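A quick write-up on the structure given underneath.
Computed from a predicted model, the values in this text were never measured in an experiment. Both backbone and side-chain heavy atoms feed into the values below; hydrogens, waters and symmetry mates do not.
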Amino acid sequence: MVWDFFLGNLPPCYYDGRLRFYLIFIDMISIQTQLRAIVSTALGKAFGAEYSEIDPMVVPAGRPEFGDYQCNVTFSLAKPLKNSPRNLSQQLLDHLDVSDICEPPEVAKPGFINFKIKPSYLETQIGALQSDSRLGVEKVKDPLKAIVDFSSPNIAKEMHVGHLRSTIIGDSIARILEFRGHDVLRLNHVGDWGTQFGMLIAYLREAYPDALTKADALDLGDLVAFYKKAKKRFDEDADFKETARKEVVKLQAGDPESLKAWQLLCDQSRREFQQIYNRLDINLTERGESFYNPKLPDVVADLEAKGLVVEDAGAKCVFLDGFTNKEGDPLPLIVQKSDGGYNYATTDLAAIRYRVKEDGGDRIIYVTDAGQANHFAQVFQVAQKADYLPENVEVTHVPFGLVLGKDGKRLKTRSGETVRLKDLLDEAVKRAYQDLETRLVAEDRQETEEFKTDVAKTIGLSSVKYADLSQNRTSNYIFDYDKMLELKGNTAPYLLYAYARVQSISRKGEIDYEKLDADAKVLLKEDQELVLAKHILQLSEIIKEVESELLPNRLCQYLFELSQKFNQFFENCPVLKSDEPLRTSRLILCHLTAQTLKLGLSLLGIEVLERM
RNA sequence: GGGAGUGUAGCUCAAUGGAAUAGAGUAUCGAUCUUCUAAAUCGAAUGUUGUAGGUUCGAGUCCUACCACUCCUGCCA
């Protein structure tokens with residue numbers, strides 16, 4: 001009966017996006033999906049074939065006492081079928097055969113149908129997970145070419161707190177898409193082109209000429225200082241401004257000396273960025289703004305050929321629908337400045353065009369701060385007008401809020417400077433180290449320096465990542481070392497501790513989880529066992545949801561709850577002291593918990609610790 | 001002026017497609033270590049979901065107006 005659903009006509013409500021179609025139909029048949037299929041079939045039998053195509057409205061139960069899943073569909077049928085939800089549910093029930101999966105379903109007073117999963121069914125499902133390294137999360141059958149544009153620091157500047165969220169969120173999104181089997185291109189759209197270079201080269205030429213010809217003549221910190229001085233001169237000194245402008249022209253014209261200098265600056269920055277990326281375990285393919293530079297004239301020419309360009313005050317503009325200025329006139333997207341130069345809008349248009357045509361992107365994701373929402377809406381609109389975006393290509397701006405200090409204002413150092421990413425990570429690791437030492441002393445534990453360094457590094461970095469990922473992306477978030485390193489609550493250390501606890505059981509019992517009997521029966525008797533098993537089985541639904549909604553905090557929430565449920569199990573269900581076959585059954589639950597935590601955390605870019 | 005976002009417990013945040021009594025954590029108070037790491041668990045208390053209307057059998061969620069804060073608004077990215 002499940003297959004009727006897959007092979008039959010697809011309900012129209014699934015077609016609200018191509019993606020959703022993939023998401024729901026390719027995967028292993030989760031419990032929720034099976035129930036949906038069964039309810040759909042029953043709807044057809046009870047009320048007529050057309051009703052098998054409506055949304056069956058099967059969702060996780062709102063409260064434990066209502067069971068595990070609930071069906072709300074008859075509420076929406078009350079009007080068209082001129083009957084009460086309660087009566088309709090009763091009729092539906094007559095055609096509903098869920099005896100393999102659930103206890104006999106019940107109609108609750110208002111008309112909800114409540115499903116409670118049979119422990120025997122959970123035992124079978126959990127048993128099946130044992131031999132599945134993907135823990136029930138199947139790969140999509142038709143992978144998309146996904147492009148995730150994230151991190152994007154600026155050459156000749158240091159990575160700072162402003163790059164934190166894009167880097168961490170983008171990486172996690174990329175990992176999740178990759179795990180689902182999509183072909184993911186992780187692009188680092190670095191700021192490696194434009195007026196800043198003319199400015200910088202002009203300044204270095206007079207102040208520190210060696211930096212333009214020799215590799216590593218300066219370290220990046222100096223470079224940043226020079227950048228600031230150059231910017232200051234640029235803003236204050238008209239002659240310097242002109243010199244800088246000439247440098248840009250030289251560079252853009254491909255003057256070998258200028259190109260060499262530019263190359264040196266980029267290389268130096270690149271190495272600095274790479275240190276941060278290595279530390280955070282982040283892979284990126286660099287394709288900066290300069291990559292698109294040669295393609296910009298053609299983009300403008302193409303827009304002109306398509307009749308989209310209007311010249312206004314010397315600038316070439318594409319006027320937009322739905323955006324107006326203070327006077328109420330349409331707002332332009334400037335694609336070529338009055339001085340003939342191009343700006344980021346042009347680059348972004350060239351990038352979209354390239355990513356669709358050359359990279360074959362199906363789903364293009366931009367992870368940047370929410371402040372750029374307007375910009376992307378405008379660029380996407382123009383791309384659409386210019387036919388750069390076929391209907392089957394989805395472009396999404398994934399916005400995120402600001403990183404704030406405890407005072408609720410933009411995070412700054414004490415002297416009011418932007419916080420360098422390196423310093424921020426160092427501080428987190430340092431504090432993690434101090435916390436660890438305090439704890440070791442309190443518990444009278446002896447550990448090697450290597451252990452302490454390693455644990456502090458993992459805890460510090462994962463705390464920063466988790467604090468960021470566990471909040472709803474779109475709102476601002478308050479950066480607080482004390483909170484993120486806290487050992488309790490929804491924090492990285494709490495999850496890491498749950499994992500370490502599972503591992504400590506195997507160590508104590510000298511058990512190799514990998515060598516447990518794969519055919520051993522899992523027994524679910526205690527509440528805590530049932531609750532834990534049900535939760536483990538929900539992983540695939542959560543991953544799919546994050547894949548479509550691009551909200552990693554949902555995965556964090558899931559892992560936090562998993563940790564809580566494991567701790568409750570740990571508290572109430574002795575493992576090593578139980579008799580067989582219960583002992584092996586519980587060890588299997590432990591192992592599955594550990595694997596789920598490890599997998600889930602890895603999708604957040606977080607490594608686990610065997611001991612901490 | 002226009003546009004976007006945010007507004008939920010003292011604090012930090014959830015809330016899946018509108019669904020039964022809006023949930024966690026934290027802080028506070030209390031309980032549990034002869035027991036696999038107590039970094040844990042259990043219990044208590046905490047709300048006019050910014051305001052006012054509307055749609056609906058049902059609204060934190062959808063619509064309208066308003067308030068507060070943040071960001072964007074023609075040659076920066």
Side-chain angles (χ1 to χ4, degrees), chain A residues 13 16 55 57 59-63 65-66 70 72 75-76 78-79 84-85 108-112 114 152 154 189 191 194-196 289 312-317 319 322-328 331-339 341-345 347-348 368-375 377-378 399 401-402 408 410 435 439 443 445 467 470-472 474-478 480 483 486-491 493-494 496-498 500-509 541-542 545 549 551 553-554 556-557 560-561 564 567-568 570-577 586 590 611-612:
Chain A
C13 54
D16 57 0
D55 180 351
M57 295 176 83
V59 296
R63 309 171 137 270
E65 57 267 35
F66 300 148
Q70 65 183 65
N72 308 332
F75 287 90
S76 60
K79 205 166 263 179
S84 74
K109 275 170 284 169
F112 303 96
N114 292 333
S152 311
N154 290 312
H189 191 82
T195 46
Q196 65 211 32
E289 291 169 352
D312 194 81
K316 290 183 179 170
C317 307
F319 282 91
F323 295 89
T324 53
N325 64 12
K326 286 167 191 154
E327 284 75 42
L331 211 59
L333 186 74
I334 293 176
V335 294
Q336 188 166 14
K337 300 189 285 185
S338 52
D339 67 0
Y342 304 99
N343 55 21
Y344 67 125
T347 309
D348 280 335
T368 79
D369 69 276
Q372 295 189 51
N374 263 342
H375 166 67
Q378 294 172 355
L402 300 169
R410 220 180 266 254
D435 286 352
R439 219 175 65 230
E443 294 172 14
R445 272 170 66 187
S470 61
Q471 316 241 342
N472 188 323
T474 49
S475 39
N476 294 344
Y477 97 95
I478 294 176
D480 181 345
K483 278 227 163 106
E486 191 68 57
L487 307 160
K488 45 195 167 175
N490 188 7
T491 65
Y494 179 84
L496 293 173
Y497 174 61
R501 261 188 140 177
V502 187
Q503 298 311 88
S504 89
I505 292 176
S506 67
R507 262 196 312 280
K508 187 92 171 191
E541 273 158 25
I542 297 296
E545 190 188 312
E549 308 293 325
L551 290 170
N553 64 307
R554 300 265 169 81
C556 295
Q557 189 65 32
F560 174 55
E561 285 168 8
Q564 283 183 314
N567 277 328
Q568 287 156 12
F570 183 94
E571 198 77 12
N572 292 282
C573 304
V575 178
L576 297 173
K577 285 176 186 157
R586 288 185 173 166
C590 286
R611 291 197 306 125
M612 59 191 279

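The base of B/U21 is paired with the side chain of A/Arg63 by a donor and an acceptor separated by under 3.5 Å. For A/Asn567 and B/A38, a side-chain-to-base donor-acceptor distance below 3.5 Å is absent, hydrogens and geometry of angles not being considered.
Within 6.0 Å of the CZ atom in A/Arg410, the count of heavy atoms belonging to other residues, nucleotides or ligands does not exceed 12.
Base orientation of B/C33: syn, since the glycosidic angle falls within 90° of 0.
Remark: A/Leu551 CG to A/Cys556 SG distance equals 10.5 Å, nearest 0.5 Å.
A/Leu576 comes within 4.0 angstrom of a base, heavy atoms only. Within the nucleic acid shown, A/Ala500 comes within 4.0 Å of at least one base atom, counting heavy atoms only. In this structure, A/Tyr477 reaches the sugar-phosphate backbone alone: every heavy-atom distance under 4.0 Å involves primed, P, OP1 or OP2 atoms, never a base. Within the nucleic acid shown, A/Glu561 has no heavy atom closer than 4.0 Å to any nucleic acid atom. Residue contacts shown for A/Lys488 are limited to sugar-phosphate atoms, with no base heavy atom under 4.0 Å away. Residue contacts for A/Cys556: at a heavy-atom cut-off of 4.0 Å it reaches no nucleic acid atom on any strand shown. Using a 4.0 Å heavy-atom distance criterion, A/Arg586 is classed as making no nucleic acid contact. Looking at heavy-atom distances under 4.0 Å, A/Asp435 makes no contact with the nucleic acid at all. No engagement by A/Val59 is indicated, since no non-hydrogen atom pair under 4.0 Å with the nucleic acid exists. Across all strands shown, A/Pro493 has no heavy atoms under 4.0 Å from either base or sugar-phosphate atoms. Base engagement by A/Phe66 is indicated by at least one non-hydrogen atom pair under 4.0 Å involving a base atom. Residue-level contact check: A/Asn325 touches the bases, meaning some heavy atom is under 4.0 Å from a base atom.
When the P atom is used for both B/A9 and B/U46, the distance is 15 Å, rounded to whole Å. On the P atoms, B/C11 is 37 Å away from B/G74, given to the nearest whole Å. For B/A27 and B/C42, the P atoms lie 15 Å apart once the distance is rounded to whole Å. Using atom P as the reference point in both B/U12 and B/G50, the two lie 15 Å apart (nearest Å). The separation of B/C13 from B/U8, taken at their P atoms, amounts to 9 Å, rounded to a whole angstrom. Separation of the P atoms belonging to B/G23 and B/G43 is 15 Å when rounded to the nearest angstrom. When the C1' atom is used for both B/A20 and B/C66, the distance is 33 Å, rounded to whole Å. Spacing between B/G60 and B/G47 at atom C1', rounded to whole Å, works out to 12 Å.
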Write down the protein N/O and nucleotide N/O pairs, taken from nucleotides 75-77 of chain B, whose separation is under 3.5 Å; answer none if there are no such pairs.
unit_1	atom_1	unit_2	atom_2	d
B/C75	O2	A/Ser338	N	2.8
B/C75	N3	A/Ser338	OG	3.2
B/C75	N4	A/Ala313	O	2.8
B/C76	OP2	A/Lys337	NZ	3.2
B/A77	OP2	A/Tyr344	N	2.9
B/A77	O3'	A/Glu289	OE2	2.2
B/A77	N7	A/Tyr344	OH	3.0
B/A77	N6	A/Tyr344	OH	2.4

* To do: May I have the step-by-step check of side chain to side chain contact (heavy atoms under 4.5 Å, CB included) for A/Asn553 and A/Gln471, ending in yes or no?
  => CA-CA 5 Å; A/Asn553 64 307; A/Gln471 316 241 342; 5.7 Å; no

* To do: Let me see the working for A/Thr347 and A/His189 under side chain to side chain contact (heavy atoms under 4.5 Å, CB included), right down to the final yes or no.
  => CA-CA 10 Å; A/Thr347 309; A/His189 191 82; 4.0 Å; yes

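Taking every side-chain heavy atom of A/Asn472 into account, B/A15 is the closest of B/A19, B/U21, B/A15. Picking from B/C42, B/U16, B/U35 the nucleotide with the shortest atom distance to the side chain of A/Pro60 gives B/U16. Nearest nucleotide to the A/Asn553 side chain, out of B/A38, B/A14, B/G1: B/A14. Of the candidates B/U16, B/C13, B/G74, B/C13 carries the atom nearest the A/Gln471 side chain, counting heavy atoms from C-beta on. Checking B/A20, B/G2, B/A19 against the side-chain heavy atoms of A/Ala108 singles out B/A20 as nearest. Among B/A20, B/C11, B/U70, the nucleotide with an atom closest to any side-chain atom of A/Pro110 is B/A20.
Using a 4.5 Å heavy-atom cutoff, the side chains of A/His375 and A/Tyr344 are in contact. Side-chain contact between A/Phe323 and A/Asn374 is present, with at least one heavy-atom pair separated by less than 4.5 Å. Residues A/Pro332 and A/Asp312 have side chains not in contact (no heavy-atom distance under 4.5 Å, counting atoms from C-beta outward).
Aromatic stacking is not marked for A/Phe112 over B/A19, as the cut-offs of 5.5 Å for the centres and 30° for the planes do not both hold.
Under a 3.5 Å cut-off, the side chain of A/Thr491 and the backbone N or O of A/Glu486 do form a donor-acceptor pair. A/Asn343 contributes a side-chain N or O that, together with a main-chain N or O of A/Ile334, makes up a donor-acceptor pair within less than 3.5 Å. A donor-acceptor pair is defined here as one N or O able to donate and one able to accept, closer than 3.5 Å; such a pair exists between the side chain of A/Gln196 and the backbone of A/Gly191. Remark: side-chain polar atoms of A/Arg554 are not paired, donor with acceptor, to backbone N or O of A/Ile542 under 3.5 angstrom.
Between A/Gln557 and the phosphate of B/A14, there is no side-chain N or O to OP1/OP2 separation shorter than 4.0 Å. Phosphate contact (OP1/OP2 of B/A38, side-chain N/O of A/Arg501, threshold under 4.0 Å): present. Distances shorter than 4.0 Å separate some side-chain N or O of A/Gln564 from OP1 or OP2 on B/G25.
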* Asked: For RNA chain B, what string of dots and brackets results from 5' to 3' when Watson-Crick and G-U pairs need both distances under 3.5 Å, crossing pairs get [ ], and pairs with another strand get |?
  -> (((((((..((((.........)))).(((((.......))))).....(((((.......))))))))))))....

* Going 5' to 3' along nucleotides 3-10 of chain B, which nucleotides have protein heavy atoms under 4.0 Å from the base (write B), which only from the sugar-phosphate (write S), and which from neither (write -)? -> B-------

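No hydrogens or angles considered: a donor-acceptor pair under 3.5 Å links the side chains of A/Gln557 and A/Glu561.
Of all non-hydrogen atoms in A/Phe570 and A/Arg501, the two that sit nearest each other are CE2-NH2, 3.1 Å.
Of the two residues near RNA chain B, A/Gln568 and A/Lys508, the one whose nearest nucleotide lies more 5' is A/Lys508.
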